[in-house]
Amino acid sequence: MTIAAPVRIDRLQAALYTELETALDGAEVHWAHTAPTHEQLPASFVSLSMVAGPAPFNRTISQGTFANPAISIDVVVDTVTVGAAYVIELNYFNYETIGVGGDTKTTIRDRLISVVNDDTIEPVTASDDGFDELRLTADFNGAMVSLELRGPLSDASLVVSDTSVLVHDSEQSVLVNVQAYSKNREPWNGAAAMTTICYSALRSQNVVDALAQSGVAIWTKGVPTSVPVVVGGRWESRSSFDVTFAMRSVWVEDIERIETVVTDLTVGDITEQIITP
């Protein structure tokens with residue numbers, strides 16, 4: 001049984017880093033545990049750390065849904081339209097490109113191939129099928145859990161596996177600590193001020209929407225807490241708060257399915273064999 005990245009932590013990591021760095025107007029943001037000296041520290045920066053999870057929000061017994069997943073599907077670029085969004089929603093994530101002047105069906109197809117294959121964790125491979133179409137091929141049985149085409153795209157052919165899998169689809173929560181550092185600064189331009197920017201960013205509709213595009217939802221935010229310290233006789237201010245994020249968890253389990261049941265039914269002296277598919 002192959003389980004490929006049931007929770008896409010990489011998308012949380014990249015999206016949160018990008019959105020907070022943009023909100024902070026280029027101030028440094030790190031996903032790392034470091035112990036720099038006072039001299040090595042920049043005037044201010046934000047450190048992100050995952051302190052809990054990912055873990056199921058609702059911890060119930062094992063469950064899942066039977067499915068015969070797609071092995072491969074050919075996708076056709078129907079028309080070339082400037083400004084149109086060509087979207088492949090694969091395993092609940094959007095891979096897309098926008099039509100621009102000078103495009104052909106082939107250039108649009110090639111860009112879609114590129115954006116799918118640039119995701120090195122996605123267990124689906126995109127390729128040219130030889131007929132100017134894009135072919136999506138599952139790397140293993142069950143790798144292609146969901147697929148939806150939007151924009152000027154259509155499917156040409158679909159191959160479905162004859163082997164069933166059990167699809168586990170649920171929510172998991174992740175607790176991330178956002179900690180701002182500053183040195184030799186006053187409250188108005190120190191760690192507390194950076195915390196208010198991060199906190200506000202996580203309330204912004206633009207940021208909420210951007211995180212949602214990466215499959216990340218903001219659930220709760222804790223109260224910012226000041227934790228100032230004196231390092232070597234020099235002042236560092238620190239302020240932190242926790243954020244709970246929700247992410248989709250999808251993985252598949254190989255399972256054997258009963259296809260036919262043979263029973264013998266006896267009525268009086270007559271025995272009849274019944275085959276139920």
Side-chain angles (χ1 to χ4, degrees), residues 2-19 21-22 67-165 167 169 205-217 247-252:
T2 300
I3 299 179
V7 181
R8 292 299 300 265
I9 300 174
D10 59 309
R11 291 179 181 155
L12 168 66
Q13 177 181 332
L16 191 56
Y17 167 84
T18 298
E19 296 306 319
E21 188 173 64
T22 300
N68 284 71
I71 296 174
S72 69
I73 183 170
D74 290 346
V75 178
V76 180
V77 178
D78 295 324
T79 60
V80 177
T81 306
V82 175
Y86 298 79
V87 183
I88 298 175
E89 185 185 292
L90 173 62
N91 293 338
Y92 306 107
F93 184 76
N94 289 346
Y95 296 95
E96 64 181 84
T97 187
I98 305 297
V100 298
D103 264 341
T104 65
K105 292 181 180 181
T106 301
T107 59
I108 293 171
R109 179 208 63 191
D110 289 346
R111 289 205 302 273
L112 286 171
I113 291 175
S114 178
V115 294
V116 173
N117 289 338
D118 281 348
D119 186 341
T120 56
I121 297 180
E122 187 69 78
V124 177
T125 301
S127 61
D128 172 2
D129 74 342
F131 298 95
D132 292 330
E133 297 170 358
L134 178 156
R135 174 166 294 171
L136 298 173
T137 306
D139 293 347
F140 56 86
N141 191 41
M144 208 180 308
V145 174
S146 72
L147 178 71
E148 183 177 339
L149 304 177
R150 294 197 293 275
L153 297 174
S154 61
D155 59 288
S157 62
L158 172 68
V159 180
V160 177
S161 172
D162 57 4
T163 303
S164 298
V165 296
V167 180
D169 188 348
Q205 190 62 49
N206 288 336
V207 173
V208 170
D209 291 344
L211 291 173
Q213 289 293 317
S214 293
V216 180
M247 300 182 67
R248 194 166 200 153
S249 171
V250 182
W251 58 283
V252 297

If we ignore hydrogens and angles and just use 3.5 Å, is the side chain of Lys105 paired with the main-chain N or O of Asp78 as donor and acceptor? yes
Does some side-chain heavy atom of Val124 sit less than 4.5 Å from a side-chain heavy atom of Asn91? yes
Pairwise side-chain contact, Leu153 with Leu112, heavy-atom cut-off 4.5 Å (strictly under): yes
List in chain and number order the residues that pass side chain to side chain contact (heavy atoms under 4.5 Å, CB included) with Arg11, two or more places apart in sequence or in another chain; answer none if no residue qualifies. Arg8, Phe93, Tyr95, Asp119, Glu122, Ser214
Out of curiosity, Ile73 CD1 to Met144 CE, how far, rounded to the nearest 0.5 Å? 7.0 Å
Considering all heavy atoms of both residues, which atom of Asp155 and which atom of Leu149 are nearest to each other, and what is their separation? N-CD1, 3.7 Å
As an exercise, state the distance from OH of Tyr86 to OG1 of Thr97, rounded to the nearest 0.5 Å. 9.0 Å
Distance (rounded to the nearest 0.5 Å) between Leu12 CG and Leu211 CG: 8.0 Å
Minimum heavy-atom separation for Ala143 and Ala138, please, with both atom names. CB-CB, 3.9 Å
The reported gap from CD1 in Ile71 to CG in Leu136 (rounded to nearest 0.5 angstrom) is 13.5 Å
Could you grab the distance from atom OG of Ser164 to atom CG of Asn68, nearest 0.5 Å is fine? 3.5 Å
Polar contact flag, side-chain donor to acceptor under 3.5 angstrom, Asn141-Ser161: yes
Partner residues of Asp139 under the side chain to side chain donor-acceptor pair (under 3.5 Å) criterion, sequence neighbours left out: Thr125
Just by modelled atom types, is the Pro152 backbone N or O under 3.5 Å from a matching donor or acceptor in the Thr79 side chain? no
Which atom of Val76 lies closest to which atom of Ala156, heavy atoms considered: CG2-CB, 3.6 Å
Gap separating the CD1 atom of Ile113 from the CD1 atom of Ile108, nearest 0.5 angstrom: 12.5 Å
Output all residues satisfying side chain to side chain contact (heavy atoms under 4.5 Å, CB included) with Glu148, sequence neighbours left out; order by chain, then residue number. Glu89, Arg150
What residues form a side chain to side chain contact (heavy atoms under 4.5 Å, CB included) with Ser127, not counting sequence neighbours? Arg135
By salt bridge (Lys or Arg N to Asp or Glu O under 4.0 Å), which residues pair with Asp128, not counting sequence neighbours? Arg109
Using modelled atom types only, decide if a donor and an acceptor are shared between the side chain of Asp103 and the backbone of Val82 within a distance under 3.5 Å. no
Those residues that, when tested against Thr18, pass side chain to side chain donor-acceptor pair (under 3.5 Å) (two or more places apart): none
Apply side chain to side chain contact (heavy atoms under 4.5 Å, CB included) to Ser157 and list each qualifying residue two or more places apart in sequence or on a separate chain. Asp74
Quick one: list whatever passes side chain to side chain donor-acceptor pair (under 3.5 Å) with Thr137, sequence neighbours left out. none
Using a distance-only test with no angle check, is there a side-chain donor-acceptor pair under 3.5 angstrom linking Asp209 and Gln205? yes
For Leu16 and Val216: C-alpha separation, side-chain torsions, deciding distance, then whether side-chain contact (heavy atoms from CB on, under 4.5 Å) applies. CA-CA 9 Å; Leu16 191 56; Val216 180; over 6 Å; no
